[in-house]
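Reviewing the structure listed below.
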Amino acid sequence: MTTVALVGGSGGIGAALLSLLSVRENISAIHSTYYRSPAAGSLGSIGQFGATASIVWSQVDITDEASVKQWLEGIGSFDWLINCAGFLHDINTKPEKTVAQLNPANFNRNMSINCLPNLLLAKYAHASLKQADKGVFASLTAKVGSIEDNRLGGWYSYRASKAAANMVLKTLSIEWARSAPNVRVVALHPGTTDTKLSAPFQANVKQENLFSTEKAAGMLLEQIEQLHQHPSGRFIAYDGEELPW
Ligand SMILES: NC(=O)c1ccc[n+]([C@@H]2O[C@H](COP(=O)([O-])OP(=O)(O)OC[C@H]3O[C@@H](n4cnc5c(N)ncnc54)[C@H](OP(=O)(O)O)[C@@H]3O)[C@@H](O)[C@H]2O)c1
C-alpha cells in the first residue's frame with residue numbers, strides 16, 4: 001500500500017488529485033498540505049464520500065524550512081511526494097510583459113514558492129523515500145519553464161522560477177540515483193488547467209486546450225503511476241511527452 005505526501009491539496013490541481021488518490025485501492029493514506037485555504041468546509045469533505053484512503057490535513061508554509069521539516073518528519077514513512085503548490089499572480093502581482101515591469105520582490109516570491117520548496121521538501125523527504133519500494137518525488141513545474149521552448153517571452157519571474165525548479169529536480173535525480181535509486185524524480189507539466197492560477201490568462205486558450213482540474217489530475221496520475229517504467233530525472237507533460245529543458 002502507498003502513502004502519499006501531497007503538497008498543495010488545497011489548490012485547483014492538487015484538490016482534484018487528492019480526490020482521485022483518495023479512492024485508489026493502492027493508496028492507504030494521504031497527508032495533504034494547505035497554507036491559506038482552510039482545511040475545513042468543502043476541503044474537509046473531499047474524500048469523505050467513498051474515500052478509501054485516510055486524509056490528514058496540515059497547514060504548511062513550504063517556503064519555511066522549519067514548517068516543511070515538522071510536517072514531513074511528523075508523517076513518519078511515505079512512498080510518494082507530489083508537489084502541486086505554486087504561484088503566478090495575486091492582487092498586487094502580475095507576471096511581467098516586459099523587463100520594465102520587473103519587481104524584485106515579485107521575482108523573489110516566485111523563486112521562493114516555485115523553486116526553493118522542491119529542495120526543502122527533498123531534504124526532509126529523503127529519509128523516508130529512500131526506504132520506499134517504488135518511491136516518487138514529483139513536482140508540478142510548467143512548460144513555460146523550458147528554456148528551449150521559450151518562443152513568446154515575458155513572464156520573467158515565473159519562467160525563471162520554473163526553469164530553476166527544473167534544474168533542482170534534475171540535479172536531485174542525479175544525487176538520488178546513488179543514494180535513493182528506488183525513487184523516480186520528475187518535473188511534470190499539467191497543461192493549461194482551469195484554476196485560479198490560470199484564470200486571468202485563459203482568454204486566448206482554445207477550449208479544447210483548457211483542461212478541467214479532474215482531467216489534468218487524471219492524466220498526471222497516469223504518468224505518476226508509470227514512472228517506474230522509465231529512468232529518473234525527466235521533464236514530461238500530462239500526456240507523457242518528454243519536454244525540452
Ligand atoms: N493551472 C495551470 O494552467 C498550470 C499550468 C502549468 C503549471 N501549473 C503549475 O501547477 C501547480 C498547481 O497549479 P494550480 O493551477 O492548481 O494552482 P492553484 O489553484 O493556485 O493552487 C496553488 C497551491 O499552492 C499552494 N501554495 C501557495 N503558496 C504556498 C506556500 N507558501 N506554502 C504552501 N502552499 C502554498 C496553495 O495553498 P493555499 O491555497 O492553501 O494557500 C495552493 O494549494 C503550480 O505549480 C503551477 O505553477 C499550473
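These numbers come from the heavy atoms of this one structure, side chains and all, not from hydrogens, waters or symmetry mates. In listed order, ligands and their atoms are each counted from 1.
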Numbered in order shown, the ligand 1 atoms found under 4.0 Å of a heavy atom of D61 are 30 (C), 31 (N), 32 (N)
Is F211 in contact with ligand 1, taking contact as a heavy-atom separation below 4.0 Å? no
If you take the nearest heavy atom of each of T193, L210, T141, which one is closest to atom 7 (C) of ligand 1? T141
Heavy atoms only: which of A142, G191, S198 is nearest to atom 4 (C) of ligand 1? G191
If you measure from atom 10 (O) of ligand 1 to every heavy atom of L88, L140, V60, which option wins on shortest distance? L140
So, using ring pair (Phe, Tyr, Trp, His ring centres under 6.0 Å) as the criterion, who are the partners of F107 when residues are at least two apart? none
What atoms of ligand 1 come within less than 4.0 Å of a heavy atom belonging to G12? 16 (O), 18 (P), 19 (O), 21 (O)
Which of the numbered atoms in ligand 1 are under 4.0 angstrom from any heavy atom belonging to T63? 31 (N)
Tell me the nearest of T213, V7, T195 to atom 15 (O) of ligand 1, using heavy-atom distances. T195
Which ligand 1 atoms does G8 reach within 4.0 Å, using its non-hydrogen atoms? 43 (O)
Distance col, row H126:NE2 vs W176:CH2, nearest 0.5 angstrom, shows 6.0 Å
Indicate yes or no: does E175 engage K170 in a salt bridge with an N to O separation below 4.0 Å. no
Between NZ on residue K130 and CG on residue N182, distance to nearest 0.5 Å: 10.0 Å
Within 45° of the six-membered ring axis of F87 and under 6.0 Å from that ring's centre, is NZ or CZ of R109 located there? yes
Out of G86, A16, C84, who gets a non-hydrogen atom closest to atom 12 (C) of ligand 1? C84
For G11, atoms of ligand 1 separated by under 4.0 Å from a heavy atom: 19 (O), 21 (O), 42 (C), 43 (O)
Do any heavy atoms of K162 fall under 4.0 Å from ligand 1? yes
Check ring pair (Phe, Tyr, Trp, His ring centres under 6.0 Å) between Y238 and all other residues, then give those that pass, not counting sequence neighbours. F211
